[in-house]
J.: 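Can you read through this structure? Questions will come right after.
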Amino acid sequence: VQLVESGGGLVQAGGSLRLSCAASGRTFSSYTMGWFRQAPGKEREFVAAINWSGSSTYYADSVKGRFIISRDNAKNTVYLQMNSLKPEDTAVYYCAASLSTYGDKWEPYYWGQGTQVTVSS
């Protein structure tokens with residue numbers, strides 16, 4: 001599966017952005033989808049994940065209550081709605097996909113190329 005992110009950009013603190021990730025292939029609904037991010041000089045970190053049907057979602061503590069992950073299987077797309085953005089949310093955001101269910105040490109196999117999100121103070 002190929003993943004293409006979009007929707008990144010520059011936003012002021014307190015603002016919102018919605019990232020999209022379009023997936024190729026006919027089996028999108030089989031995949032657990034997720035978002036990760038990597039800030040300069042830091043390791044890539046988990047942000048959010050969603051199961052194949054959208055009935056279960058998972059979030060990093062740092063974004064819980066501010067970010068919402070969702071998916072539209074008819075459009076082969078997963079979204080990340082980011083609200084109340086903070087400067088520390090600045091990073092390259094990556095979409096990821098895996099046939100395995102979300103759990104500890106979840107390691108997706110497929111990755112997008114990333115989209116930059118910059119939050120100014």
Side-chain angles (χ1 to χ4, degrees):
V1 63
Q2 292 184 320
L3 306 173
V4 179
E5 303 98 334
S6 61
L10 174 65
V11 64
Q12 288 189 332
S16 298
L17 278 176
R18 188 176 82 155
L19 305 182
S20 300
C21 172
S24 64
R26 295 175 292 177
T27 59
F28 175 76
S29 61
S30 300
Y31 289 86
T32 299
M33 301 297 297
W35 289 93
F36 289 72
R37 67 186 181 186
Q38 186 167 21
K42 295 187 177 181
E43 293 187 355
R44 187 157 55 187
E45 65 175 359
F46 169 78
V47 175
I50 187 167
N51 73 335
W52 68 274
S53 67
S55 61
S56 296
T57 55
Y58 313 89
Y59 296 94
D61 288 343
S62 58
V63 307
K64 201 171 294 183
R66 300 188 298 122
F67 291 10
I68 301 172
I69 188 170
S70 61
R71 67 189 297 162
D72 185 337
N73 287 343
K75 296 182 178 180
N76 281 14
T77 302
V78 63
Y79 305 97
L80 185 68
Q81 177 67 43
M82 304 186 295
N83 302 318
S84 301
L85 282 161
K86 305 175 181 180
E88 52 263 43
D89 294 318
T90 295
V92 177
Y93 283 70
Y94 297 90
C95 177
S98 174
L99 287 173
S100 62
T101 56
Y102 177 78
D104 289 345
K105 301 181 181 180
W106 183 61
E107 295 183 358
Y109 184 79
Y110 300 98
W111 294 87
Q113 82 289 350
T115 185
Q116 177 70 47
V117 171
T118 302
V119 184
S120 63
S121 57

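Only a predicted model underlies this, so the values are computations on that prediction, with no experimental measurement involved.
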J.: Is the backbone of N51 close enough, under 3.5 Å, to the side chain of S56 for a donor and an acceptor to pair up by distance?
T.: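 No.
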
J.: Could you state the interatomic distance from OG (S20) to CZ (R71), rounded to the nearest 0.5 Å?
T.: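 Reported to 0.5 Å precision, the distance equals 13.5 Å.
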
J.: What residue among L19, N83, L85, T57 forms side-chain contact (heavy atoms from CB on, under 4.5 Å) with F67?
T.: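 Exactly one option meets the side-chain contact (heavy atoms from CB on, under 4.5 Å) with F67, and it is L85.
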
J.: So do the side chains of Y109 and S100 get within less than 4.5 Å of each other, counting heavy atoms only?
T.: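 Not touching, per the 4.5 Å side-chain cut-off.
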
J.: Within the 4.5 Å heavy-atom criterion, are M82 and V117 side-chain neighbours or not?
T.: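 Result yes, sub-4.5 Å side-chain heavy-atom pair found.
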
J.: What is the distance from atom CD of Q12 to atom OG of S121, rounded to the nearest 0.5 Å?
T.: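 Answer for the CD-OG pair, Q12 versus S121, is 9.5 Å.
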
J.: If two hydrophobic side chains count as joined below 4.5 Å and joins carry through other members, does L17 share a cluster with I68?
T.: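 Shared cluster, yes.
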
J.: Determine yes or no for a side-chain-to-main-chain donor-acceptor pair under 3.5 angstrom, with T90 supplying the side chain and V119 the backbone.
T.: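 Judged by distance alone, yes, a pair lies under 3.5 Å.
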
J.: What pair of heavy atoms forms the shortest contact from S29 to W52, and how long is it?
T.: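 Minimum heavy-atom contact is O-CB, 2.9 Å.
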
J.: Which residues pass the salt bridge (Lys or Arg N to Asp or Glu O under 4.0 Å) test with K64, not counting sequence neighbours?
T.: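 For K64, the residues satisfying salt bridge (Lys or Arg N to Asp or Glu O under 4.0 Å) (neighbours in sequence not counted) are D61.
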
J.: Do S30 and L99 come close enough that some side-chain heavy atom pair is under 4.5 Å?
T.: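 The answer is yes, as the side chains (C-beta and beyond) meet within the 4.5 Å cut-off.
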
J.: For Q38, look at atom CD and say whether over 12 heavy atoms of other residues, nucleotides or ligands are found less than 6.0 Å away.
T.: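 Counting neighbours around CD of Q38, more than 12 heavy atoms of other residues, nucleotides or ligands fall under 6.0 Å, so yes.
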
J.: Minimum heavy-atom separation for V78 and F28, please, with both atom names.
T.: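 Smallest interatomic distance, heavy atoms only, reads N-CZ, 4.1 Å.
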
J.: Start with the C-alpha distance between C95 and W35, add both sets of side-chain angles, then the distance that settles side chain to side chain contact (heavy atoms under 4.5 Å, CB included), and finish with yes or no.
T.: CA-CA 5 Å; C95 177; W35 289 93; 4.0 Å; yes

J.: Flag the pair I69 / Y59 as yes when at least one side-chain heavy-atom distance between them is below 4.5 Å, and no otherwise.
T.: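 Yes; the side chains approach each other to less than 4.5 Å.
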
J.: Do Y93 and E5 have side-chain heavy atoms sitting under 4.5 Å apart?
T.: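 Not touching, per the 4.5 Å side-chain cut-off.
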
J.: Please report the shortest heavy-atom distance between Y94 and G112, naming the atom on each side.
T.: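 Of all heavy-atom pairs spanning Y94 and G112, the closest is CD2-O, 3.6 Å.
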
J.: Between M33 and A97, which heavy-atom pair has the shortest distance, and what is it?
T.: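 Closest approach of M33 to A97: SD-CB, 3.5 Å.
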
J.: Within the side chain of T77, is there an N or O that forms a donor-acceptor pair under 3.5 Å with the backbone of K75?
T.: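 Yes.
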
J.: Give me the atom names and distance for the closest heavy-atom approach of S62 to R37.
T.: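 Of all heavy-atom pairs spanning S62 and R37, the closest is OG-NH2, 3.5 Å.
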
J.: Can you tell if the side chain of S98 reaches within under 4.5 Å of the side chain of E107, non-hydrogen atoms only?
T.: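 No; the side chains remain at least 4.5 Å from each other.
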
J.: For Q113 and L3, work out which heavy atoms get closest and say how close.
T.: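 Closest heavy-atom pair between Q113 and L3: OE1-O, 3.6 Å.
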
J.: Can you tell me how far apart OG1 (T118) and CG (D89) are? Round to the nearest 0.5 Å.
T.: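 Taking OG1 in T118 and CG in D89, the distance rounds to 11.0 Å.
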
J.: Shared ILVMFWY cluster between V47 and W111, side chains joined below 4.5 angstrom?
T.: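 In one cluster: no.
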
J.: For a 4.5 angstrom cut-off between non-hydrogen side-chain atoms, does P108 reach W106?
T.: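 Contact flag for P108/W106 side chains = yes.
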
J.: Are Y110 and L80 connected, step by step, through hydrophobic side chains (Ile, Leu, Val, Met, Phe, Trp, Tyr) whose heavy atoms are closer than 4.5 Å?
T.: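 Yes, because Y110 and L80 connect within a single hydrophobic cluster, where side-chain heavy atoms sit under 4.5 Å apart.
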
